[in-house]
Amino acid sequence: METKKFAFSLLSLDSDSAMIEKRSSSEETVKYTIYKNTVISLSPKLSPKNILNYTDEIILLVFNGIINNTPTSEIENLTEVYSFSKKISSFWLGEIIQKKNQENNSDNNIFTAYNKRDFETLYNKLDSKDENYSKIYKIKEKLEGKPFYIEYNTKIINKLNELFEKYPNFDSLKERIVPKKNLLSIKKDKSINFPNILIYGDAGCGKSSLIISLCELYEFYSRNSMGSGSVNFTLTGNDKGFSKSDCGCIIKSMFSRGKGPIMNPLIILDEIDKANFSNREDSDFSGVFAELLEKNNAKHFKDNFFAVEVDASHINYIAIANDISKIPDYILSRFPVKLKIRQYTPKEIKTVVLDNIYEQWIEDNNFNKDLLPEYIPDSTRELISECCNNQPRNIPAILSQIANYTYKEYNGKSYIDLITTNSISDKIRNSFKYNNHSIGFKM
């Protein structure tokens, strides 16, 4: 019996993982990923303190991971495997050495997120009996330490790609904020950073829904409604003379959990077209944008409450609007990237969008998935597409009413089949013909 031979190829390599292709003599191919932390953790000796002393061992570990318990006698290109094993380990070691050097050369007295001299001047003027005394010191503590940047890695990029698959009309935004995975290996700076972005489009195109999911992935974010009457206070805090004064969301978004300050959080400016803009470019509101949305000014940002210079120049901004004609030019000019989001096509609603909303609808109503169909029947999809008027936000109400009509009991058990007969379809069409969406789901 002829022994099957295996050949290996290195497909991609970045700071977190290497992708390998394993190909057999019978043309079968398998692609799998080796993660740096997993490989390193195979040896308890490879702690951060002594990792630089075990170059050969890392090569061996990577090598063992690549061949995946395949006997060396069955490997066709043994020399090549060892060669790119060494390339992988050298790449990862180079990154570790670079980070180690940065840590050794770093001096928190030289660079912090805030201006220490400013803080000392401010704090020395405060009365220890002042209610703001301890609050300001706590803000300083949260901005203390070596600044930290959220970085792109393979895991984050994969999650972002999965998210945008659910929103097929947001390709233009995806191109701006999701880099290609194979470019990570040549990027010196992997921190997440993009120009100020304004996305706009008619209601129902999925702007708010996508942004909510994006924020959950980003983790460090602040979402703010610009339609409220206290935009300045929300962004830049209250003056210390007010009761219950506090810093604004710009400073708070930089607070981390157990690390140094986050330098590049995500700030969402929702409903920016509903903001109460002044006709004067030097108004308080415009002044906030001039300072925050322009990198040079943002390096010296001062919150109204925490009146200390803070470097806010690395913050990422995404603004959302329905109608940009209501936004003054001097505000629009602060957003170099303006993306108009198209409405979903009927086909997209029946396939991608409806499936996503169905999953969310089940979760929102706390339904038992076992008592509902895994997929919506085709005839019901057609009915929902017809009645939603190309507006995804109408779909949950339609689903709830269909569930009312298709609720059944059999042998003492309840279930919903979502199968719409002609009579049910007529009732649904009649209910939503006049936009009557008030009927909820009751069991």
Side-chain angles (χ1 to χ4, degrees), residues 155 158-170 202-219 221 223 225 268 270 320 341 343-443:
K155 183 178 180 181
N158 285 341
K159 286 187 175 181
L160 285 170
N161 284 329
E162 289 174 7
L163 172 62
F164 279 101
E165 283 179 5
K166 297 179 180 179
Y167 296 87
N169 54 337
F170 280 82
D202 295 335
C205 67
K207 301 186 298 296
S208 296
S209 177
L210 177 131
I211 290 298
I212 291 171
S213 298
L214 185 63
C215 287
E216 290 173 354
L217 284 182
Y218 206 95
E219 187 178 0
Y221 69 91
R223 188 179 178 197
S225 174
I268 302 299
D270 208 353
I320 309 172
I341 308 302
Q343 289 284 10
Y344 294 109
T345 65
K347 182 179 179 180
E348 288 170 343
I349 286 182
K350 279 191 291 187
T351 54
V352 180
V353 177
L354 181 51
D355 286 336
N356 295 333
I357 292 177
Y358 180 52
E359 183 178 332
Q360 187 63 47
W361 174 78
I362 292 174
E363 183 178 330
D364 290 344
N365 285 278
N366 199 27
F367 287 144
N368 184 342
K369 286 186 177 181
D370 295 336
L371 303 180
L372 289 122
E374 185 176 356
Y375 301 104
I376 300 174
D378 289 342
S379 59
T380 305
R381 286 177 182 271
E382 293 291 342
L383 177 65
I384 293 172
S385 177
E386 175 190 341
C387 294
C388 76
N389 196 28
N390 215 45
Q391 293 292 318
R393 63 180 56 181
N394 295 339
I395 292 177
I398 300 173
L399 279 169
S400 292
Q401 193 160 351
I402 291 174
N404 271 325
Y405 289 126
T406 60
Y407 165 72
K408 294 179 174 61
E409 291 186 4
Y410 181 72
N411 285 341
K413 293 184 179 180
S414 305
Y415 68 97
I416 297 170
D417 62 18
L418 296 182
I419 297 174
T420 51
T421 61
N422 289 337
S423 61
I424 290 176
S425 297
D426 289 341
K427 290 178 182 178
I428 298 296
R429 291 189 185 97
N430 185 58
S431 294
F432 289 90
K433 182 178 180 181
Y434 302 104
N435 294 323
N436 177 15
H437 299 168
S438 60
I439 300 176
F441 178 59
K442 298 179 181 179
M443 293 283 284

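These numbers come from the heavy atoms of this one structure, side chains and all, not from hydrogens, waters or symmetry mates. Here the structure is a predicted model, which is why all the values come from computation and not from measurement.
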[X] atom [atom1], neighbour heavy-atom count above 12 within 6.0 Å:
| X | atom1 | result |
| --- | --- | --- |
| Asn422 | CG | no |
| Gln360 | CD | yes |
| Lys408 | NZ | yes |

Can you tell me how far [atom2] of [Y] sits from [atom1] of [X], rounded to the nearest 0.5 angstrom?
| X | Y | atom1 | atom2 | result |
| --- | --- | --- | --- | --- |
| Thr351 | Glu348 | OG1 | CD | 7.0 Å |
| Ile211 | Ser209 | CD1 | OG | 10.0 Å |
| Leu372 | Tyr407 | CG | OH | 12.0 Å |
| Tyr221 | Leu214 | OH | CG | 10.5 Å |
| Ile320 | Asp270 | CD1 | CG | 4.0 Å |
| Ile362 | Glu359 | CD1 | CD | 7.5 Å |

>> What verdict does the side chain to side chain contact (heavy atoms under 4.5 Å, CB included) test give for Arg381 and Asp355, after you've listed the backbone C-alpha separation in whole Å, the side-chain angles of each residue and the deciding distance to 0.1 Å?
In response: CA-CA 10 Å; Arg381 286 177 182 271; Asp355 286 336; 2.6 Å; yes
Of all heavy-atom pairs between [X] and [Y], which one has the smallest distance, and what is that distance?
| X | Y | result |
| --- | --- | --- |
| Tyr344 | Gly206 | OH-CA, 4.0 Å |
| Ile424 | Ile419 | CD1-O, 4.0 Å |
| Leu160 | Leu217 | CD2-CD1, 3.9 Å |
| Ser385 | Lys350 | CB-CG, 3.4 Å |
| Asn169 | Gln343 | ND2-C, 4.4 Å |
| Leu418 | Pro373 | CD1-CG, 3.8 Å |

> Looking only at atom types and distance, does a side-chain atom of Asn368 sit under 3.5 Å from a main-chain N or O of Asp370, one as donor and one as acceptor?
Replying inline: yes
Close side-chain approach of [X] to [Y], heavy-atom, < 4.5 Å:
| X | Y | result |
| --- | --- | --- |
| Ser425 | Glu382 | no |
| Pro392 | Ile357 | yes |
| Arg429 | Leu383 | yes |
| Leu399 | Ile376 | yes |

>> Here's a test for you: under side-chain contact (heavy atoms from CB on, under 4.5 Å), which of Ile398, Asn394, Ile349 qualifies with Ile384?
In response: Ile398
> What's the verdict on side chain to side chain contact (heavy atoms under 4.5 Å, CB included) for Ser400 and Trp361, showing C-alpha distance, side-chain angles and the deciding distance?
Replying inline: CA-CA 9 Å; Ser400 292; Trp361 174 78; 3.0 Å; yes
> Given the rule in the side chain to side chain contact (heavy atoms under 4.5 Å, CB included) test, do Glu386 and Ile428 qualify, once you have shown the distances and angles that lead to the verdict?
Replying inline: CA-CA 10 Å; Glu386 175 190 341; Ile428 298 296; over 6 Å; no
>> Tell me whether the rings of Phe170 and Tyr167 are parallel (<30°), tilted (30 to 60°) or perpendicular (>60°).
In response: perpendicular
> Tyr358 and Tyr375: side chain to side chain contact (heavy atoms under 4.5 Å, CB included), yes or no, with the steps?
Replying inline: CA-CA 9 Å; Tyr358 180 52; Tyr375 301 104; over 6 Å; no
